[in-house]
There are 2 protein chains.
Amino acid sequence: MNLKPIKPKRISDQVFEQIRELIYKGSFKPGQQILPERELALSMAVSRTSVRNAINKLVTMGLLEHRQGQGTFVSSPDNRPGNPLAAAMAADEATFGDLLEVRMGLECNAAMLAAQRATDTDLKAIEKSLEEMEDDLATTDKIGTGADAAFHMAITFSTKNPVFIHLMHNFYDFLFLGIKKNLTHMYMDREALEDVIGHHRAIYDAIQRRSSQDAFEAMRKHIAYVQEYFSTR
Amino acid sequence: MNLKPIKPKRISDQVFEQIRELIYKGSFKPGQQILPERELALSMAVSRTSVRNAINKLVTMGLLEHRQGQGTFVSSPDNRPGNPLAAAMAADEATFGDLLEVRMGLECNAAMLAAQRATDTDLKAIEKSLEEMEDDLATTDKIGTGADAAFHMAITFSTKNPVFIHLMHNFYDFLFLGIKKNLTHMYMDREALEDVIGHHRAIYDAIQRRSSQDAFEAMRKHIAYVQEYFSTR
DNA sequence: GATAAAAATTGGTACTACCATTTATCCAGA
DNA sequence: TCTGGATAAATGGTAGTACCAATTTTTATC
C-alpha cells in the first residue's frame, strides 16, 4: 500500500529551521547579534515561547550563544566544540587537501542542480553573498570568510535536496575553517583573490543562466584552482 | 588573587543536572518513561517552564525523547547519536531520488580517487564484495544488500581520504536503506540485476586498471542507470 | 567633566490557560 | 461477542502575561 506518514510540524521547529538557514546563509554572521526574541516573535507572528524554544535548541547545538542582558549571538565556528571533523583536522588526521577533494565531488553537482532548481529568492541570496565578497575586497583588500561560506551554502540550499542540505549542515564548520585557511594564505595576494572572485561570479552567472553544464564546470575550475594554488606553495 | 568563581546557577540548569544524573545512574533506564513534567515541577518545587527547558535540552542532546500525548522517554544508546538522516527519510522529507543525487556527486569522485590510490588489500576487499554479489545472484536469484553496500564502502576506504570516510560513515545507514529499496524493487527483474552486477564489475575493472577516468564514468553510468530505472516505473 | 542614579534593553522564570495527540474507558448497536 | 464511536484522562506543545536579573545606555546631579 505504501501510504504517507503524517507529519506534525511543531511551530518551534519551523522557527528553528528558519533561524538556522539565516545563520548558514550568512544573514546572521558569526559573532553578530541576532534579533531579540521579542522582535523575532513579532516578525514571525508566533509567541515568544516558541521562538525561545527554537533558540534554546540552537544554543545547545552550539550555533548560538546566550548573554543575559546583552542578547543572543552567532557563535563562531572556530571555538565551536564537539565537531568530529574539526577535531580530526586539528589532529592532522585530515588535511585541507582532503577537504577540497570532497568538496569537488559534492559542490560541482550541487552547482549543477542549483542551476536547474534555484528560485529567484535563492538567486538573490547567492548574489548577495557574491556582492558582499566583492565589497570586502574593494574596501578591505581581503575576502570575508563568512561571505564565502555563505555563498557555497546558498548554492547547496538551492538544490532543494534535503540530503544534500543535511550533509552540508554537518559539513559547515569544516567548510568554514577550510575557507578561512584558504583566504588567510591568499592574504596580500591581490591577484589570487580577484581570481577567486571571478570564479564565484562565473558560478553565479551560470546558475543564473540555468546552464547546469557551465555551473558544474565553473565550480570544478574554482576548486581545482584552489587545489593548484596550495599544491605549488 | 584568584577570588570568586561566580555561579550563574540558572534554575533550568540545576534541574538539567539532576535529571541527567538520574539517567546516568540508571534510575531512569533506557526506554523507560520519566515522570511527567508537571509532577517533576511539583517534586522539585519549580515551575513547569524550568523543567521543560531542562528536558528540552536533554532532548536535543539525544538523551531523552518526546512523544506528545504519551510522555517523555529515555532514548536507548543504540539510536542515540546521529542518525537524523534515517529519521528524515522516514518522515518522507527525503526521497531515494535525493539520495541518488548526492551519491552521484560523492561516489563518482570516490571511484576516481580509488583508481589512483587503492592498495592491493583494497582491491581484494572490493573484489570480494563483487564476487559475493555474483554468488548471491547465481544461487538465490537476488543480490544481498550487505554485499552491495560493502562494495561501495570499500571504494570509499580506498580513497584514503579521512573526510570522505567520515562522511560515508555518517552516510552508511542511509546508503544501506537506499540500496535495500533499490534491490527490492529490482527483485525478480533478472535482467536489471545482471545489469547492476555488470556495472559493479566495470567499476572494479576500471579501478583495478588504475584508470580513474573510466572508474568515474562507470560509476556515473551505474547511478544514472538506477536513477533511470526508478524514474520510469 | 566625572560620577551616580534611573531608564531601557534583553534574556530567564513563573504562572495560567488552552490546544493537540495519544491512550483508556464506556456504551450503543449489529 | 464484536464493532465502532463517543467521552474522558493524561501528557506534551503554544500562547500570553507579568515579573526578575543582568547589561547597556541615558540622564541627572554634583
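Basis for what follows: all heavy atoms, side chains included, without hydrogens, waters or symmetry-related copies. Throughout, a chain's letter reflects where its sequence line sits, starting with A, and its residues are numbered from 1.
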| message | Counting primed atoms plus P, OP1 and OP2 as sugar-phosphate and everything else as base, spell out the protein contacts along nucleotides 5-18 of chain D at 4.0 Å heavy-atom distance: B, S or - for each nucleotide, 5' to 3'. | response | ------BBBBBB--

| query | Tell me: CD of A:E65 to C1' of C:dG12, nearest whole Å? | reply | 16 Å

| How many Å lie between CZ on B:F73 and C1' on C:dT23, as a whole number? | 11 Å

| task | Only counting residues at least two apart or in another chain, list the ones meeting side-chain hydrogen bond (donor to acceptor under 3.5 Å, both in side chains) with A:K142. | result | none

| query | Is A:H185 atom NE2 crowded by more than 12 heavy atoms from other residues, nucleotides or ligands, each under 6.0 Å away? | reply | no

| message | Quick check: closest heavy atoms across A:A115 and A:A206, and the distance to 0.1 Å? | response | CB-O, 4.4 Å

| request: Assert yes or no for the condition that the ring centre distance of A:F230 to A:F96 is strictly below 6.0 Å. | output: no

| request: Name the orientation class of the two ring planes belonging to A:H200 and A:F151 (parallel below 30°, tilted from 30 to 60°, perpendicular beyond 60°). | output: perpendicular

